[in-house]
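All figures in this text were calculated on a predicted structure; none of them were measured in a lab. A, B, ... follow the sequence lines: proteins, then strands. Residue 1 opens every chain.
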Number of protein chains: 2
Amino acid sequence: MARGSETRERILEIAEQAVLAKGFGATSIEEVIAAAGITKSGFFYHFKDKNELAKAMLVRYIAENDRIFDDLFGRADELSDDPLQSFLIGLKLLAEAMADLPNGHPGCLIATYCYQERLFDREIRAIYQTAVMRWNDRFRSALARIDASYAPRDAIELDRVGAMLSCVVDGGIIMSKALDDPRILEQQIMAFRSYIKLLFTPPLVAYEREPA
Amino acid sequence: MARGSETRERILEIAEQAVLAKGFGATSIEEVIAAAGITKSGFFYHFKDKNELAKAMLVRYIAENDRIFDDLFGRADELSDDPLQSFLIGLKLLAEAMADLPNGHPGCLIATYCYQERLFDREIRAIYQTAVMRWNDRFRSALARIDASYAPRDAIELDRVGAMLSCVVDGGIIMSKALDDPRILEQQIMAFRSYIKLLFTPPLVAYEREPA
DNA sequence: CCGAAAACTGTACCATCGGTCAAGTTATGG
DNA sequence: CCATAACTTGACCGATGGTACAGTTTTCGG
């Protein structure tokens, strides 16, 4: 990494931590540059204003998240050909990955942005909107593949079930923070997994007929 | 209401809206007093500093939330003696109440506080911690009552299922905000309801034996 | 109707913050 | 080796945030 992008990356990392801990409005450029060991002019060389910092942080966060999802659910696909099993494995891997975070999940940047929407412009909102919709699509299509082989045991629209995962994760992060218990996020993902299991696993009588 | 408490209440209402829209750190006392039509000194007469405002807002928010839960799930208890049906009715009522909010849910104050934890002291955190634990207990005991009559169809700890409701609600609020679609929150509560149904409804063969 | 407390107002103050500007310095790659 | 990227120095500005304190109006019990 070139010298410039390294500093830029450091700023983004420091800013992200601060924003997740205190909110965007309460995070001052001043404290970020102090932690990064640069001057104010140095900061404004990389980002023309605070809004540009917000945008860059968001883009970085989304890319990292995409990478993680690709990784975990890609790995799950390698471990099972069955769409239901693959998704259940992916959820388990996701739960484990969340459990392995040393100090718990640092927070969802999109959630903080949503709760400070008035501070951001349409462009930033468009960025996280497409990201959330992409994640919803990803899980919805995983469920659609399951739906092709297994009859759902309740009449519910699958896009809502797909969206539920992101909701459970964001809610789990909040409750983990609220109760200061990192395990909650993992448990909530596993609870969602339990729902998927119940929704698609055939009743026992049929299940026994089902081949491996 | 006396003159003083009326002004105090107005400040809290205005501040809550602003905090839910922009975050606590980004909400200035100046704008609150401008909207409330009082002076800065008037504000500091009611709250000795911004932290006291935060605390009062939180206490107010929690009390209102308790009231809503008591109302909806109390009404559900009147509508059915069966613990499962009562809970399912309560969830439906909750979903409807969320759908009836004119501009969508304004946001969960506890979620915004969690995402700005560094701005608040231990006392404030203790307040919302006990509130969240109380809500979790409420749902857990509702599930325990169901558990006494219906065998759960998956081995999952009920306290996690109970906590899931708050997670789904908070996550649903965020996704509603993110995608600017108020219906998502309602749909997510109904998705959680679908999970409860699947978790406790006996398989069809037994269900047909069940009386109304 | 009076006096005391409650509920404010007026004004002044200072640190901080976001942002700008101009000019200079250092490092790096082609 | 030189052009450009990646900064530093330092000064400045207007706005805001929170604090302090003295003064004024309103309310209400006796």
Side-chain angles (χ1 to χ4, degrees), chain A residues 1-58 60 112-113 115-121 123-124, chain B residues 1-58 60 112-113 115-121 123-124:
Chain A
M1 206 183 308
R3 180 169 155 247
S5 1
E6 196 190 314
T7 301
R8 198 184 132 97
E9 187 65 18
R10 203 166 68 250
I11 293 173
L12 289 174
E13 178 60 32
I14 292 167
E16 183 178 311
Q17 275 179 253
V19 167
L20 289 175
K22 316 193 293 187
F24 189 76
T27 299
S28 69
I29 294 174
E30 220 105 12
E31 68 175 293
V32 171
I33 63 175
I38 55 167
T39 62
K40 200 184 263 196
S41 309
F43 174 88
F44 283 105
Y45 173 77
H46 288 288
F47 308 98
K48 79 169 209 275
D49 56 25
K50 226 186 164 189
N51 195 68
E52 276 236 329
L53 172 68
K55 204 199 301 175
M57 284 170 58
L58 182 59
R60 194 183 92 113
T112 83
Y113 278 38
Y115 268 112
Q116 293 161 45
E117 44 176 358
R118 288 285 151 75
L119 300 178
F120 305 113
D121 54 26
E123 192 191 351
I124 286 186
Chain B
M1 203 184 310
R3 181 170 155 244
S5 3
E6 195 191 316
T7 302
R8 201 184 130 97
E9 187 63 20
R10 204 167 66 248
I11 293 173
L12 288 173
E13 177 59 32
I14 291 166
E16 182 177 312
Q17 275 180 253
V19 167
L20 289 176
K22 316 192 294 189
F24 188 76
T27 298
S28 69
I29 294 174
E30 215 106 16
E31 67 176 295
V32 172
I33 63 175
I38 56 167
T39 62
K40 205 183 260 196
S41 313
F43 173 88
F44 284 104
Y45 171 77
H46 289 287
F47 308 98
K48 78 168 210 276
D49 54 24
K50 228 186 162 188
N51 195 67
E52 276 235 329
L53 172 68
K55 203 199 301 175
M57 284 170 56
L58 182 60
R60 194 183 90 113
T112 83
Y113 278 37
Y115 269 112
Q116 291 160 47
E117 46 177 357
R118 289 286 152 75
L119 301 178
F120 305 113
D121 55 27
E123 193 191 350
I124 286 186

Next item on the list: Report the residues that fulfil salt bridge (Lys or Arg N to Asp or Glu O under 4.0 Å) with B:Lys22, sequence neighbours left out, ordered by chain and then residue number.
Entry: B:Glu31
Notebook entry, point to check: Are the side chain of B:Arg10 and the backbone of B:Ala36 linked by a donor-acceptor contact shorter than 3.5 Å?
Noted result: yes
Item checked: With sequence neighbours excluded, residues passing side chain to side chain contact (heavy atoms under 4.5 Å, CB included) with A:Ala54 -> A:Phe24, A:Tyr113, A:Phe120, A:Ile124
Margin query: Without decimals, in angstroms, what is the distance between B:Glu52 CD and D:dT19 P?
Written below: 11 Å
Check: What residues form a side chain to side chain contact (heavy atoms under 4.5 Å, CB included) with A:Glu52, not counting sequence neighbours?
Finding: A:Phe47, A:Lys48, A:Asp49, A:Lys55
Next item on the list: Take the protein atom OH of A:Tyr45 and the nucleotide atom C1' of C:dA22, then report the distance between them rounded to whole Å.
Entry: 17 Å
Note to self: So, taking the atom named CZ in A:Phe43 and the one named OG1 in A:Thr7, what distance separates them when rounded to the nearest 0.5 Å?
What the structure shows: 12.5 Å
Margin query: B:Leu12 vs B:Leu53, test: side-chain contact (heavy atoms from CB on, under 4.5 Å). Steps then yes/no.
Written below: CA-CA 7 Å; B:Leu12 288 173; B:Leu53 172 68; 3.9 Å; yes
Check: Using a heavy-atom distance cut-off of less than 4.0 Å, which residues of residues 16-28 of chain A contact DNA chain C?
Finding: A:Thr27, A:Ser28
Next item on the list: Check whether any side-chain N or O of B:His46 sits under 4.0 Å from OP1 or OP2 of C:dC8, and answer yes or no.
Entry: yes
Notebook entry, point to check: Which whole-number value in Å describes the distance from A:Arg10 CZ to D:dA6 P?
Noted result: 13 Å
Item checked: Interface residues of residues 29-44 of chain A with DNA chain D (non-hydrogen, below 4.0 angstrom) -> A:Gly37, A:Ile38, A:Thr39, A:Ser41, A:Gly42
Margin query: Rounded at 0.5 Å granularity, tell me how far CD1 in B:Ile11 sits from CD in B:Glu6.
Written below: 11.0 Å
Check: Rounding to a whole Å, what distance do you find between A:Phe47:CZ and C:dG18:C1'?
Finding: 16 Å
Item checked: A:Asp49 CG - C:dC21 P separation (whole Å) -> 13 Å
Note to self: Going by the rule side chain to side chain contact (heavy atoms under 4.5 Å, CB included), which residues pair with A:Tyr45 if we only count those two or more places apart in sequence or in a different chain?
What the structure shows: none
